[in-house]
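Everything on this sheet refers to the single structure shown next.
As the structure lists them, so they are numbered: ligands from 1, and atoms in each ligand from 1. Being a predicted model, the structure only gives us computed values, none of them experimental.
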Amino acid sequence: MSHSKSSTRWLARNNADPYVREARAQGLPSRAAFKLEEIHQRDRLLRKGMTVVDLGAAPGGWSQVAAGVVGESGRVFALDLLPLPKQDELAKLGVEFIQGDFREAVIAEQLLAALAGRRVDLLLSDMSPNLCGIPSVDQPRAMHLAELADEFAMRVLNPGASMLVKVFQGSGFDAFHKQLQSHFGTVTIRKPKSSRPESREVYLLARNFKSLSFV
Ligand SMILES: C[S@@+](CC[C@H](N)C(=O)[O-])C[C@H]1O[C@@H](n2cnc3c(N)ncnc32)[C@H](O)[C@@H]1O
């Protein structure tokens with residue numbers, strides 16, 4: 001299919017998507033915002049005053065939702081490869097943004113430096129690689145990002161904290177699920193209605209982080 005035909009199809013699907021229309025109407029940067037809202041409505045993840053890290057934050061939907069709940073007494077540290085289109089507006093809501101590739105140790109160190117010793121109450125990761133459609137290529141890339149989010153969580157989470165991380169069902173999923181179960185009190189799978197049903201994307205919600213003395 002030609003590039004312009006697939007773009008036209010994407011545009012048509014996007015314009016027909018009720019979540020895209022609702023995001024525009026509510027001034028939210030992305031339809032992804034509804035995934036976090038839905039999970040928050042059910043699981044009460046966010047609270048006033050929390051320190052939140054948002055990995056893979058662009059274009060900024062989750063950060064905007066999180067900043068709205070944690071309020072002025074809380075903090076949101078967002079990171080993405082790409083710039084945040086509404087960075088100034090989000091900064092006014094208290095979102096601190098770092099642009100860079102989370103696979104690079106130096107970028108994770110920058111985020112640690114920004115946290116300045118503050119422990120994190122909720123770590124969010126909606127990071128997703130550029131999917132090429134070949135599972136044997138996409139799946140390890142996606143799992144690697146989830147692994148990095150978990151490694152970072154081990155370093156910064158408060159005992160009792162939570163993590164919400166995007167993963168794709170497929171190779172490595174069960175092992176990662178088990179790994180989280182060893183670090184957290186409970187781990188549940190969430191597939192919000194706003195997550196496209198045809199996508200293998202799901203979210204693992206890990207709660208009650210057990211403090212590990214050896215990290
Ligand atoms: C589905 S989008 C996130 C949407 C976001 N949660 C929102 O509400 O607007 C996935 C993001 O992961 C980011 N990403 C992918 N690989 C990354 C990496 N290695 N480091 C940082 N961000 C990455 C992409 O740039 C993309 O913006």
Side-chain angles (χ1 to χ4, degrees), residues 10 13-14 17 19-41 45-46 52-70 76-91 93-112 114-115 122-133 137-153 156 162-169 190-205:
W10 181 86
R13 186 181 74 165
N14 212 42
D17 183 328
Y19 292 105
V20 171
R21 281 190 268 127
E22 192 54 31
R24 283 183 197 139
Q26 290 190 28
L28 288 163
S30 62
R31 78 188 289 294
F34 294 112
K35 300 180 194 173
L36 181 61
E37 271 195 0
E38 254 187 88
I39 295 171
H40 171 59
Q41 288 306 322
L45 277 187
L46 293 152
V52 177
V53 164
D54 181 13
L55 302 173
W62 284 25
S63 285
Q64 187 165 323
V65 169
V69 181
V70 304
V76 178
F77 295 86
L79 184 144
D80 204 287
L81 274 173
L82 302 175
L84 284 185
K86 299 205 310 183
Q87 190 178 340
D88 291 347
E89 272 174 60
L90 289 172
L93 296 175
V95 176
E96 222 166 291
F97 179 62
I98 294 171
Q99 187 177 352
D101 187 337
F102 194 63
R103 291 167 302 180
E104 291 175 13
V106 65
I107 298 299
E109 292 303 321
Q110 260 186 47
L111 181 53
L112 271 182
L115 285 168
L122 174 63
L123 188 134
L124 305 170
S125 174
D126 198 18
M127 283 190 290
S128 170
N130 264 333
L131 301 174
C132 70
V137 176
D138 290 338
Q139 185 66 8
R141 285 190 186 153
M143 287 312 311
H144 181 52
L145 293 174
E147 290 278 355
L148 290 176
D150 185 36
E151 263 171 41
F152 192 77
V156 299
S162 303
M163 173 162 86
L164 180 70
V165 58
K166 190 212 296 274
V167 266
F168 292 88
Q169 274 170 326
R190 293 284 178 256
K191 174 79 177 172
K193 284 202 290 292
S194 45
S195 170
R196 293 194 164 101
E198 70 275 19
S199 163
R200 284 183 302 118
E201 139 190 305
V202 293
Y203 293 87
L204 285 177
L205 172 59

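The shortest contact between atom 2 (S) of ligand 1 and any protein heavy atom is with Ala58 O, 3.7 Å. Of the protein's non-hydrogen atoms, Asp80 OD2, 3.3 Å is the one closest to atom 13 (C) of ligand 1. What sits closest to atom 6 (N) of ligand 1 on the protein, heavy atoms only, is Asp126 OD2, 2.8 Å. Nearest protein heavy-atom neighbour of atom 21 (C) of ligand 1: Leu81 N, 3.4 Å.
At a 3.5 angstrom cut-off on N or O pairs, Asp101 counts as close to ligand 1. For ligand 1, the polar-atom distance check against Leu145 finds no nitrogen or oxygen pair separated by under 3.5 Å. Below 3.5 Å of separation, one finds no N or O of Met127 facing any N or O of ligand 1. Ligand 1 has a nitrogen or oxygen under 3.5 angstrom from a nitrogen or oxygen of Gly61. For Lys166, no nitrogen or oxygen atom sits less than 3.5 Å from a nitrogen or oxygen atom of ligand 1, counting backbone and side chain alike. Where the criterion is an N or O separation shorter than 3.5 Å, residue side chain and backbone included, Ala32 fails it with respect to ligand 1.
Checking Leu115, Leu79, Leu124 one by one against Val53, the side-chain contact (heavy atoms from CB on, under 4.5 Å) holds for a single residue, Leu115.
In this structure, the side chains of Leu205 and Leu45 come closer than 4.5 Å at one or more pairs of heavy atoms. Looking at heavy atoms from C-beta onward, Leu36 lies in side-chain contact with Leu164 at the 4.5 angstrom threshold. Side-chain contact between Ser125 and Leu145 is absent, with no heavy atoms from C-beta onward closer than 4.5 Å. For the pair Leu122/Leu46, a side-chain contact is recorded, criterion being any heavy-atom separation below 4.5 Å from C-beta on. The shortest side-chain heavy-atom distance between Asp138 and Phe168 does not fall under the 4.5 Å cut-off. The shortest side-chain heavy-atom distance between Asp17 and Arg31 falls under the 4.5 Å cut-off.
Between Trp62 and Tyr203, the angle of the ring planes lies from 30° to 60°, which puts this pair in the tilted group.
Atom numbering of ligand 1 starts at 1 in the shown order; those under 4.0 Å from a heavy atom of Ala57 are 5 (C), 7 (C), 9 (O). Atoms of ligand 1 lying under 4.0 Å from any heavy atom of Pro59, numbered from 1 in the order shown and given with element: 9 (O). Ligand-side atoms of ligand 1 in range of Gly100: 20 (N), 21 (C), range being under 4.0 angstrom from any heavy atom. Those atoms of ligand 1 with a heavy atom of Leu82 less than 4.0 angstrom away are 25 (O). Which parts of ligand 1 touch Ser30 is read off a 4.0 Å heavy-atom cut-off, strictly below it: atoms 7 (C), 8 (O), 9 (O).
In this structure Gln26 satisfies the side-chain contact (heavy atoms from CB on, under 4.5 Å) test together with Glu22, Leu28, Phe34, sequence neighbours excluded.
When all heavy atoms of Ala78 and Ser63 are compared, the closest pair comes out as CB-OG, 3.4 Å.
Ligand 1 has Gly60 within reach: a non-hydrogen atom of the residue lies less than 4.0 Å from it. Residue contacts with ligand 1 do not include Ser63, since none of its heavy atoms lies under 4.0 Å from the ligand.
Considering only non-hydrogen atoms, atom 15 (C) of ligand 1 lies nearest to Ser128 out of Gly56, Pro129, Ser128. Within the set Phe34, Trp62, Phe102, the minimum heavy-atom distance to atom 20 (N) of ligand 1 is found for Phe102.
For the atom pair CZ (Arg196) and OH (Tyr19), the distance works out to 11.0 Å, reported to the nearest 0.5 Å. Taking CD1 of Ile98 as the reference point, atom CG of Leu84 lies at 11.0 Å (rounded to 0.5 Å).
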